[in-house]
Amino acid sequence: MSRPSTFAPPPGARAYALRTARGEFAVVDASVAAGVEPKGTVLLLPGFTGSKEDFISTHEPLAARGYRTVAVDGRGQFESPGPRDDESAYAQAELAQDVLAQAAAVGTPVHLVGHSLGGQIARAAVLLDHSPFLSLTLISSGPAEISEAQQQRAKLLRDALAVMSMADVWEAIQAMDDPQAGGDLDSVDALDAGLDDHEDLRRRWMGNSPAQLVATGRQLCSEPDRVAELAAVPLPFHVLSGTEDGTWAVPLLDDMAVRLHAHRTVIAGAEHSPNTDRPLETARALADFWDTLAH
């Protein structure tokens, strides 16, 4: 008997294609738990090489706290359609417009949460139009470009995608990540660690648009510091991270929180993906932050 997919929606959630003014996007949508007073709706944006499933273990605890959660695959990401070869479709401004359309389709106002690359896209959406949002939470998402080491990994990925198929790139990365083969490179989800099921992770990788990976990987390597612009937006901000992070150093995230006058949470025992490393603690921190905004 095969074991169940770790990407299956949790109880109380359903997966479907969200129709928006900018096309359809694959989502996992979890209702507020039965008997719990609804407090709001949350839109969750995953990171580079990630997907909506990176929030799979946060839906139930947030539903228990009164929050409907909608996690979305961005354009060309896993189960959301997007051009395979046209990088222009994945310009940050285009992806930001997608977020505004997703929020409208879900039903505004919403609390916006972005992990890593998703945080930078969320920031761009808020800078375009903050009116659909009640708050912005940046999870392990820094003020500007990613670390030098991660820039090198992103460049290796771009170079590989230029000459290899998605399947061949996946196999090459697995070989490089195999200690028995003498490899020492991080796996394909090094920038945004996902879940552990190898079969699901391969399926997710194969669903991604190569153009999306190339375009957003380049964005991560060249993103300017827009914290001052964001700080001028009249929204409550929350900066959440683990105690360690190789993509943006934790002191950078500390400083960004100060510059944003943001609520700051550090999740013990978590690294770049607190939402998968410590989902219960992450969900509690998110709900605690949103609860304070209701008073």
Side-chain angles (χ1 to χ4, degrees), residues 42-50 54-55 58 74 92-93 95-96 99 110-130 132-151 153-154 190-193 216-278 281-290 292-293:
V42 183
L43 184 62
L44 300 155
L45 311 182
F48 183 67
T49 76
D54 290 344
F55 299 102
T58 62
Q92 189 184 76
L95 300 178
V99 174
V110 301
H111 295 287
L112 184 59
V113 177
H115 173 230
S116 196
L117 170 71
Q120 296 200 330
I121 294 169
R123 178 172 76 176
V126 166
L127 289 172
L128 278 177
D129 181 5
H130 71 271
F133 307 112
L134 293 168
S135 70
L136 172 62
T137 297
L138 302 172
I139 298 180
S140 304
S141 185
E145 75 280 358
I146 57 179
S147 69
E148 183 64 32
Q150 293 292 15
Q151 288 186 46
R153 292 190 179 99
L191 292 179
D192 289 289
T216 56
R218 188 177 291 113
Q219 288 169 31
L220 284 166
C221 296
S222 59
E223 178 73 3
D225 188 321
R226 305 185 72 186
V227 175
E229 288 178 73
L230 188 62
V233 174
L235 278 183
F237 300 116
H238 183 191
V239 174
L240 186 149
S241 75
T243 51
E244 297 181 27
D245 198 311
T247 303
W248 285 279
V250 171
L252 273 179
L253 301 176
D254 293 337
D255 178 68
M256 183 177 71
V258 171
R259 295 168 64 195
L260 288 172
H261 304 287
H263 183 70
R264 178 75 171 108
T265 300
V266 178
I267 303 294
E271 296 186 12
H272 185 60
S273 296
N275 40 307
T276 59
D277 294 342
R278 295 289 187 271
E281 295 87 342
T282 298
R284 184 182 308 118
L286 290 170
D288 286 350
F289 169 63
W290 297 324
T292 66
L293 305 181

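Along the sequence shown, residues are numbered consecutively beginning with 1.
- The two atoms that bring Val113 and Ile139 nearest to each other are CG1-CD1, 3.6 Å, heavy atoms only.
- A side-chain donor-acceptor contact under 3.5 Å links Ser116 and His272.
- Between Leu95 and Thr216 there is a side-chain heavy-atom pair separated by less than 4.5 Å.
- In this structure a side-chain-to-backbone donor-acceptor pair under 3.5 Å is present from Gln151 to Ile146.
- Just one of Leu286, Thr292, Leu293 meets the side chain to side chain contact (heavy atoms under 4.5 Å, CB included) condition when paired with Ser135; it is Leu293.
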Exercise. Dump the intermediate steps for side-chain contact (heavy atoms from CB on, under 4.5 Å) on Leu136 and Leu230, then the final yes or no.
Key: CA-CA 10 Å; Leu136 172 62; Leu230 188 62; 4.0 Å; yes
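- In this structure, Arg259 and Asp225 have side chains that are in contact, with non-hydrogen atoms separated by less than 4.5 Å.
- You'll find the side chain of Arg264 reaches within 4.5 Å of the side chain of Ser241, heavy atoms only.
- A side-chain N or O of Thr265 and one of His238 form a donor-acceptor pair less than 3.5 Å apart.
- Across all their heavy atoms, Thr58 and Asn275 have their closest contact at CG2-O, 3.9 Å.
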Quiz item: Could you go step by step and tell me if Leu117 and Thr49 meet the side-chain contact (heavy atoms from CB on, under 4.5 Å) rule?
Solution: CA-CA 9 Å; Leu117 170 71; Thr49 76; over 6 Å; no
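- No donor-acceptor pair closer than 3.5 Å links the side chain of Trp290 to the backbone N or O of Ala285.
- Considering all non-hydrogen atoms of both residues, Gly269 and Thr243 come closest at N-OG1, 4.0 Å.
- Of all heavy-atom pairs spanning Gly242 and Val250, the tightest one is O-CG2, 3.8 Å.
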Exercise. Might you work through the side-chain contact (heavy atoms from CB on, under 4.5 Å) test for Ile267 and Asp277, ending with a clear yes or no?
Key: CA-CA 9 Å; Ile267 303 294; Asp277 294 342; over 6 Å; no
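- Scanning both residues, Arg123 and Pro224, for their nearest heavy atoms gives NH2-O, 3.2 Å.
- When every heavy atom of Glu145 is checked against every heavy atom of Trp248, the shortest pair comes out as O-NE1, 3.0 Å.
- Panel note: side chain Thr276, backbone Ser273; a donor-acceptor pair is recorded below 3.5 Å.
- You'll find the side chain of Val239 reaches within 4.5 Å of the side chain of Met256, heavy atoms only.
- Between Pro236 and His263 there is no side-chain heavy-atom pair separated by less than 4.5 Å.
- The closest side-chain heavy-atom distance from Thr282 to Phe55 is not below 4.5 Å.
- Under the 4.5 Å side-chain criterion, counting only non-hydrogen atoms from C-beta, Pro274 is not in contact with Glu281.
- Separating the CZ atom in Arg153 from the CZ atom in Phe48 is a distance of 12.5 Å, to the nearest 0.5 Å.
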